[in-house]
**Q** 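Following this message is one structure expressed as structure tokens.
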Amino acid sequence: MLRGLYTAASGMITQQRQQESLSNNIANANTPGYKADQTTIRAFPELLLQQTGSSSQIPTSQGGINFPISQTIGPINTGVYVQETVPNFAQGNVQETGLSTDVAIIQGQVPDENGFLFFSVQNENGEERLTRNGNFTVDGEGFLVTNQGNYVLDEAGNPIQTNGLDYVVTPEGFVQTADGTFPLGIRYVEDSNQLVKEGNDLFAGESIDVPAAATFSLQQGALEQSNVNTMQTMTDMMNAYRLFETNQRVLRAYDESLGKTVNEIGRLG
């Protein structure tokens, strides 16, 4: 009976974590470049039950010797858990905004199944990070930054100074200003599933220069929207809530049975 309690409790914890992930997706449905989280749920390893305590007698000249034997009953599952949460890196819809500081990556063909292209930015600790959120702006010193104030980097890993809003981003990935032309830092990740999601739409992980086999274009005055499917996410949230309630009722039934065992059956003796 206690094993049933643990199984139902694991189901409740799993659905709670699923609900948290889905709620975060809904909260970021309007965040440019946001990649929806997907949870992977799997069962704990199965246990093989065997019956013990029975014995078999082998006849001997002195009468016989008892040998214990075991009989296989079958497998039993011990519950479920959230194995991992991975972002869905599918391309979001590109929407025109009319703002010259907004830039969207339109990804074409890539040589790897999970390959993906990102903007290169610098976080507050001076470390390189990746993002798909092209909602940029220009700070008071004339540098191109993200909406969180992180520097947007060029191919050499240096901040890009535009000295104002009078600049052009070409489809090929160059920033043209009055002081010259700078290649925007577009980075390629061979396996996007290895990236670690951080706050403010940033990803940490290994990246390389864009390979010759990868194609893309940049669109100034447009943003890549979140790839969250709002209707599907709401449906998944309702399903997770119902599964949580189901496990909760099972847990309550086990608790009531244990209560009767302790308070009623125990008094018969």
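Every heavy atom of this structure was used, including side-chain atoms; hydrogens, water molecules and symmetry mates were not. Index from 1, following the sequence. Since this is a predicted model, take the numbers as computed values, not measurements.
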**Q** What about V103 and L202, same hydrophobic cluster or not, with Ile/Leu/Val/Met/Phe/Trp/Tyr joined at side-chain heavy-atom distances under 4.5 Å?
**A**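 As far as the 4.5 Å side-chain criterion goes, L202 and V103 are connected within one cluster.
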**Q** Is the centre of the F136 ring less than 6.0 Å from the centre of the F119 ring?
**A**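 F136 vs F119: aromatic centres under 6.0 Å.
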**Q** Keeping R132 on the side-chain end and L117 on the backbone end, is there a donor-acceptor pair under 3.5 Å?
**A** yes
**Q** Would you say the side-chain atoms of Q91 pair up with the backbone N or O of Q107, donor to acceptor, closer than 3.5 Å?
**A** yes
**Q** Set out, in order, the CA-CA distance, both residues' side-chain angles and the distance that settles side-chain contact (heavy atoms from CB on, under 4.5 Å) for V94 and L223, then state yes or no.
**A** CA-CA 6 Å; V94 176; L223 283 177; over 6 Å; no
**Q** Any non-hydrogen side-chain atom of D154 less than 4.5 Å from a side-chain atom of L184?
**A**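 The answer is no; the side chains never approach within 4.5 Å.
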**Q** How many angstroms lie between atom CZ of R42 and atom OG1 of T14, to the nearest 0.5 angstrom?
**A**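 Answer rounded to 0.5 Å: 12.0 Å.
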**Q** Measure across N25 and V228 and return the closest heavy-atom pair with its distance rounded to 0.1 Å.
**A**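 Distance-wise, the nearest heavy atoms are O-CG2, 3.6 Å.
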**Q** Inspect the surroundings of CD in E206 and state if more than 12 heavy atoms from other residues, nucleotides or ligands are less than 6.0 Å away.
**A** no
**Q** Say you draw a straight line from CD of Q122 to CG of L153; how long is it, rounded to the nearest 0.5 Å?
**A** 5.5 Å
**Q** Measuring only between side-chain heavy atoms, which start at C-beta, is Q15 closer than 4.5 Å to E245?
**A** no
**Q** Mark yes when over 12 heavy atoms from residues, nucleotides or ligands other than Q109 sit less than 6.0 Å from its CD; otherwise mark no.
**A** no
**Q** Is D191 reaching over with its side chain to a backbone N or O of N193, donor-acceptor style, under 3.5 angstrom?
**A** yes
**Q** Give the intermediate values and the outcome of side-chain contact (heavy atoms from CB on, under 4.5 Å) for residues Y188 and D209.
**A** CA-CA 6 Å; Y188 178 73; D209 294 334; over 6 Å; no
**Q** Say you draw a straight line from CD of E84 to CD1 of I41; how long is it, rounded to the nearest 0.5 Å?
**A**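 Going from CD on E84 over to CD1 on I41, the span is 12.0 Å.
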**Q** Give the minimum heavy-atom separation between T39 and T85, together with the two atoms involved.
**A** CG2-OG1, 3.6 Å
**Q** Indicate yes or no for a side-chain donor-acceptor contact from E224 to the backbone of G92 under 3.5 Å, with no hydrogens or angles considered.
**A**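 Between the backbone of G92 and the side chain of E224 there is a qualifying donor-acceptor contact (under 3.5 Å).
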**Q** Tell me, with the steps shown, if T146 and Y151 meet side-chain contact (heavy atoms from CB on, under 4.5 Å).
**A** CA-CA 7 Å; T146 68; Y151 288 122; over 6 Å; no
**Q** Please report whether the ring centroid of F89 lies less than 6.0 Å from that of F203.
**A** yes
**Q** Please round to the nearest 0.5 Å and tell me the distance separating atom CZ of R17 and atom CE of M12.
**A** 13.0 Å
**Q** Considering all heavy atoms of both residues, which atom of E198 and which atom of R129 are nearest to each other, and what is their separation?
**A** OE1-NE, 3.0 Å
**Q** Examine F244 and M237 and state if one hydrophobic cluster contains both, with Ile, Leu, Val, Met, Phe, Trp and Tyr joined whenever side-chain heavy atoms are less than 4.5 Å apart.
**A**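 Each belongs to a different hydrophobic cluster.
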**Q** Heavy atoms only: give me the nearest E141-N163 pair and the separation to one decimal.
**A**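 The pair with the smallest heavy-atom distance is O-OD1, 4.4 Å.
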**Q** Without swapping roles, check the side chain of D112 against the backbone of N114 for a donor-acceptor pair under 3.5 Å.
**A** no
**Q** Can you find a pair of side-chain heavy atoms, one from M231 and one from T233, that are under 4.5 Å apart?
**A**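 A side-chain contact is absent here, since even the closest heavy-atom pair is not under 4.5 Å.
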**Q** Any non-hydrogen side-chain atom of I160 less than 4.5 Å from a side-chain atom of F143?
**A**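 No - every pair of side-chain heavy atoms lies 4.5 Å or more apart.
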**Q** Is it true that a side-chain atom of N28 and a backbone atom of T31 form a donor plus acceptor pair closer than 3.5 Å?
**A**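 Flag not set: sc N28 to bb T31 has no pair under 3.5 Å.
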**Q** Tell me which one of N227, N24, N133, D201 satisfies side-chain hydrogen bond (donor to acceptor under 3.5 Å, both in side chains) with Y34.
**A** N24
**Q** Would you say L218 ends up clustered with L144 if hydrophobic residues are merged whenever their side chains have heavy atoms under 4.5 Å apart, either directly or through other cluster members?
**A**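 Same cluster: L144 reaches L218 through Ile, Leu, Val, Met, Phe, Trp or Tyr contacts under 4.5 Å.
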**Q** If two hydrophobic side chains count as joined below 4.5 Å and joins carry through other members, does V80 share a cluster with L243?
**A** no
**Q** Distance check, rounded to the nearest 0.5 Å: E155 atom CD versus F182 atom CZ?
**A**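 Reported value, rounded in 0.5 Å steps: 12.5 Å.
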**Q** May I ask you to test the Q220-Y167 pair for a side-chain heavy-atom distance under 4.5 Å?
**A**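 Q220 reaches Y167 side chain to side chain.
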**Q** So do the side chains of S21 and D37 get within less than 4.5 Å of each other, counting heavy atoms only?
**A** yes
**Q** E124 versus N150: any side-chain heavy-atom pair under 4.5 Å?
**A**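 Yes, close enough: below the 4.5 Å cut-off.
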**Q** Are V210 and V121 connected into the same hydrophobic cluster when the rule is that any two of I, L, V, M, F, W, Y join if their side-chain heavy atoms are below 4.5 Å apart?
**A**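 Yes; tracing contacts between hydrophobic side chains, which count when under 4.5 Å, links both residues.
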**Q** If you round to the nearest 0.5 Å, how far is OG1 of T97 from CD of Q219?
**A**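 Those atoms lie 9.0 Å apart.
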**Q** If only atom types and distance count, is the side chain of Q18 paired as donor or acceptor with the main-chain N or O of V82 below 3.5 Å?
**A**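 No, Q18 side chain to V82 backbone: no donor-acceptor pair under 3.5 Å.
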**Q** So which heavy atom on E128 is nearest to which on S207, and how close?
**A** OE2-OG, 4.4 Å
**Q** Measure the shortest side-chain to side-chain distance between I186 and F216 over non-hydrogen atoms and say whether it is less than 4.5 angstrom.
**A** yes
**Q** Is K197 reaching over with its side chain to a backbone N or O of K35, donor-acceptor style, under 3.5 angstrom?
**A**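 Yes, K197 side chain to K35 backbone: donor-acceptor pair under 3.5 Å.
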**Q** Quick check: closest heavy atoms across P32 and N135, and the distance to 0.1 Å?
**A**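 The answer is CG-CB, 4.5 Å.
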